[in-house]
Amino acid sequence: MSPASKGLRDPTDLTSMRLRALVILALATGLLAGFAELFGHGVRRFLLNEFLFLGPDVLWTAPLVNAAIFLLLGLGLFSGARLLPRLITLGRTAGIFVFFGSFGAFYIFPQFHRVAALLVAAGLAVQTARWAERRGAEHLTRLASRLLPTLLTAVLLLAILVRGGRALAERRALAALPAPMIGTPNVLLIVLDTVRAFNLSLYGYARNTSPSLDGFAAGGTTFDRAFSTAPWTLPSHASMFTGLWPHEMSADWLVPLNSGVPTLAEALARHGFVPAGFSGNTNYVSREVGLARGFVSFEDYVLTPSLVLRNSSLVRVVSRNRTLRRLIGEEDALGRKSAADINRSFFRWLDRRPAGRPFFAFINFYDAHRPYLPPPPYDRMFVPPGTEPDPRLHRTAKPGDDQRDETTAWAANAYDGGVAWLDSQLGVLFAELERRGLTDSTLIIVTSDHGEEFGEHGLFDHGNSLYRQAVQVPLVIRRAGQVPAAARVSAPVSLRDLPMTVLDLVGLGEEERFPGAPLSRYFGSVSPTHDTLLQGVRKAIRQPERYPAAQGNLAALIQDSVRYIRNLGTGEERLFDLVHDPLEQHDLSGEPPGQARLPALRATLERVRFVP
Ligand SMILES: [Zn+2]
């Protein structure tokens, strides 16, 4: 005889539970799932020494987001159980909670195969379902009611600790700033992440991709051959902040910038500047990778709804799954900050920044980075009429051989649209600086951290080679009355010279020393002797095997009008004419005149011990 027929309610029937009890159970298990994720993050961060690409707010937002997800899930199951009481039982509901909670925690480890994670989570779910059926609704309700207040208190304490700690640290850092010198200009360093020089009208590109920058450059000096030190974000930014070559510091795929090396922000803070950072690249321009050191405030993982959601591993499961994304109709990376968002953050900061002090603002705009998804009308600006975008190609950084031609055309068109969109937002930024009367009192530098490849040399994306497409970047420096206007410098220069350039132009070139030399040496009519410029990238992770950086460390140097690239893993060499072959299509290393130059170039690499 079933319990129901005796007039008793079946304790394993989900509908025997009151709604309030179900809510408590869902919230408690959701918060627990969040803490399970935090445990996983802790293991990755502190035991495996891996980057998480999440900010400290994950500590309190992951449990909260998961609690909300579990609440929705629980309410759905609760309603479903009224229709299908035999299918949706209390035990199965508990099992489903445990399935999602444990899968979310396992998903944190890329080392853990997804299928294995699913199987283990399913196993745990079955065990939990059996246990819950045995214990019944009342026991579960009691347990959840007892846990919930403790879990909520823990979340609240973590929120206070993270947010309060940050606010306190900022206040302290501000209070510790010394008095500034009178009349010091502000410094604004703008990095257009992934914008290669070749695709800007500023450098003669056939498409009008950079009208705002072109106008801005008319008031300053443009460097026609500026090179980043690395073909990807972290070491390149690290060089801009420290003056070091990639091989002289630790910043790498899995390693943050070493804490010992001085940074430009620290140096400027010592002289009363307020350093503030605004990063759109939440992968490799963040506190976690060591680039925020010296900044009083650094906005990387801000509390926007999408970045908060992204803190839950369960949300990331969905947001990283291309099939699910297509179903939702959202191809862009979850939490991506647009240039318009960053501009707004920067303007808000300008409003509340401490009065009477010069600022050092660093901005990283991420809009040109893949997936190439500029907003309309920029998305179709350079797409031939009648061409339908293939959504597969938005995110395809390394297409298969069959897709390559298609991808090259589509990706480059979409990329150019993104660059034009970013340029329009640069225009907004310049106009706002003008409106605030800051244009003339600010030293403004616009550059990029690296380029991008669109099938040249058979490569896509960046970080995988040292060809010029990946390392030649825009560079414009402007300061009224100090930097020549409408001037162009054709000598090759490296972004590693930026720290000394800034210090020199704000009058601190004697007080503070960084590796490198001020680029103001190119402002006069007398051309200085050209230095040897270096670029490098360490053996890359997650690259197709045929890509150069997947085979070994790469080193390149520019010396006497040639560019020499060496794969230190395979010994392969490339030699290009710096002036006459900007796209590096004609390798001279196998031809007699080129061959004759190789020994000297190899010796230079040897001498600087350039092993990135
Ligand atoms: Zn980058």
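The figures here come from the full heavy-atom set of this structure, side chains too, leaving out hydrogens, waters and symmetry mates. Order of listing sets the numbers, starting from 1, for every ligand and every atom in it.
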Under 2.8 Å from the Zn ion (ligand 1), is there an N/O/S atom belonging to His369? no
Give a yes or no answer on whether the side chain of Asp341 reaches the backbone of Ser338 with a donor-acceptor pair at less than 3.5 Å. yes
Salt bridge (Lys or Arg N to Asp or Glu O under 4.0 Å) against Arg316, all qualifying residues, sequence neighbours excluded: none
Which atom name would you report as the N, O or S atom of Asp449 nearest the Zn ion (ligand 1)? OD2
Residue from Phe241, Phe273, Phe346, Phe278 passing ring-ring contact (aromatic ring centres under 6.0 Å, His included) with Phe362: Phe241
Identify, by name, the N, O or S atom of Asp193 lying closest to the Zn ion (ligand 1). OD1
When you measure from the Zn ion (ligand 1) to the N, O or S atoms of Ser448, does any of those distances fall below 2.8 Å? no
Residues two or more places apart in sequence or in another chain: which of them pass side-chain contact (heavy atoms from CB on, under 4.5 Å) with Asp581? Phe576, Asp577, Gln585, His586
